There are 2 protein chains.
Amino acid sequence: MFGFDGKELKILLIERNEEPFKDWWALPGNIVGPDESLDQSASRILYELTGLRGIFMEQYYAFGDPHRHPQGRVITLAYYALIRLGGDKELRPISTYAKRANWLPITDLPKLAFDHQKIYDKGLEKIKRRIKHQPIAFELLPEKFTLTQLQHVYELVLGKKLDKRNFRKKIVSFGVLKELDEKQKGVSYRAATLYRFDKRKYAKLFGKEISF
Amino acid sequence: MFGFDGKELKILLIERNEEPFKDWWALPGNIVGPDESLDQSASRILYELTGLRGIFMEQYYAFGDPHRHPQGRVITLAYYALIRLGGDKELRPISTYAKRANWLPITDLPKLAFDHQKIYDKGLEKIKRRIKHQPIAFELLPEKFTLTQLQHVYELVLGKKLDKRNFRKKIVSFGVLKELDEKQKGVSYRAATLYRFDKRKYAKLFGKEISF
DNA sequence: TCAAAAGTGTTGCGATTACACCCATGA
DNA sequence: TCATGGGTGTAATCGCAACACTTTTGA
């Protein structure tokens, strides 16, 4: 679960309460129910941990080394999720099977239990590729956002600085943003125009390649 | 399993011998062994069906709808494989659990059992994306090949015609092909120069984006 | 000599990059 | 009035697409 709070990209980690890897940080996960699809299962597990529904998720890889769990065979079907943090609704876990859960910035992650570092790496890699061709950045932003915020998301995910003017020209040229009549509020500098992602216009582009 | 025989792109299908979907064509598959990694399992299953080892394979998606198999829960971890067909070594199945297995051209596929059409579609889609950025086309060709053969592979996978001059310019400009001193033999027209994929040069490009 | 595919360059256009200054706002 | 980020245009370069004819070979 990747979250963006307006400043940093973070992931949700849980501190394990049991052996093996007791007291280590780990990626959240759980067991697929007997009557769930994999997508449903991922949504349920996310919901139990955050209280959130309707979150964007995508399956990206299955990890199945026979020795990845010391106590027996576990195959993990990995999903990433993209979440707007720090908005109106705060996260309220429905259940936790761990000591605690914490959003930690990806720039400063602890050692992870099992092969979770590998799972995380592959997930981030997937998002990097996806964000260049699919409008997933908006999943990390509030419904109304400024172009600078959007650029910030791209920079954090891709791990590099982008040119402001070129970014704006390009992203606007895709024609999937709707400029609002509204301005940013509560900032002590010139207020930026707010934009909204226009799903209709995006749907019309279907089949065409967007490339960043 | 995608195969290329110099003319067509084909996939290996098996004709089922058991209910459900008796007599239907299905994608080959089998059960992950208790002590295998997923990659090992995929390689083994391919080997049992074709007698081939060292084939390029990549995992691409997990299918887990609870009702996809009428008799109980089955989660399929899908891999695609890329195979050069009709070369020196003929395929000799080590075992078959089906009536028969056949390479059928993807332009004319029968109805497939279970949700295998979906699995196939997603696999082809993955290959289409991959071939634009990774040198996987060479897995479908003999070690020495002509540029026209290479172009042919791209056209079949992408499902569209490409311009000969532009294709050659671009593919040569990547600098991952080694031009050999050898020419095609046994053709009744001007013999084409043979090329080889140069893994070393490709390794040096690492990190750089190739884009088709 | 015919058929079949090999091989080869140029031009126009659109996209991408690099780059710097003034503007609006609240503190 | 100062600090902070908002907002804007142009020129040079690069990459991509479109396009047709000559060459080689074996039958």
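Sequence lines set the chain letters: A, B, ... in the order given, protein chains first and strands last, and positions in each chain run from 1. Since the model is a prediction, treat every value here as computed from it, not as a measurement.
For the pair Phe167(B) CZ and dC16(D) C1', the computed distance is 15 Å after rounding to whole Å. If you take CZ of Arg168(B) and P of dA17(D), they are 17 Å apart, rounded to a whole angstrom. Regarding Tyr195(B), its OH atom lies at a distance of 10 Å from the C1' atom of dA6(C), rounded to whole Å. The nearest whole Å value for the distance from the CG atom in Leu150(A) to the P atom in dG7(D) is 13 Å. One atom, CG of Asp163(B), and another, C1' of dA20(D), lie 11 Å apart when rounded to the nearest Å. One can place NZ of Lys164(A) at 10 Å from P of dG5(D), the figure rounded to the nearest angstrom. Across the protein-nucleic acid pair, Lys160(B) atom NZ and dA17(D) atom P stand 8 Å apart, rounded to whole Å. In this entry the distance linking CD of Gln151(A) with P of dG5(D) reads 13 Å, nearest Å.
Dashed line: the shortest gap from a side-chain N or O of Thr193(A) to OP1 or OP2 of dG6(D) is not under 4.0 Å. Applying the 4.0 Å criterion to OP1 and OP2 of dT16(C), one finds that Lys170(A) has a side-chain N or O inside that range. The shortest distance between the side-chain N/O atoms of Arg165(B) and the OP1/OP2 oxygens of dG9(C) is not below 4.0 Å. Using a 4.0 Å cut-off, some side-chain N or O of Thr148(A) falls inside it from OP1 or OP2 of dG6(D).
Panel note: side chain Arg84(B), backbone Phe138(B); a donor-acceptor pair is recorded below 3.5 Å.
Checked by distance alone, Lys169(A) brings a side-chain donor or acceptor within 3.5 Å of a matching partner on the base of dT10(D).
The number of heavy atoms from other shown groups lying within 6.0 Å of NZ (Lys118(A)) does not exceed 12. For Lys201(A), the NZ atom counts as densely surrounded, since its 6.0 Å shell holds more than 12 non-hydrogen atoms of other residues, nucleotides or ligands. Heavy atoms from other residues, nucleotides or ligands lying under 6.0 Å from CD of Glu143(B) number 12 at most.
Taking the centre of each ring, Phe114(B) and His69(B) come in below the 6.0 Å mark. No close placement of the Phe145(B) and Phe4(B) rings is indicated, their centers lying 6.0 Å or farther apart.
In the region residues 176-190 of chain A, proximity to DNA chain D at under 4.0 angstrom, judged on heavy atoms, holds for Tyr189(A), Arg190(A).
Leu147(A) pairs in a side chain to side chain contact (heavy atoms under 4.5 Å, CB included) with only one of the listed residues (Ile171(A), Leu194(A), Thr193(A)), which is Ile171(A).
Comparing Ala192(A) and Asn166(A), the nucleotide of DNA chain D nearest to each residue sits closer to the 5' end for Ala192(A).
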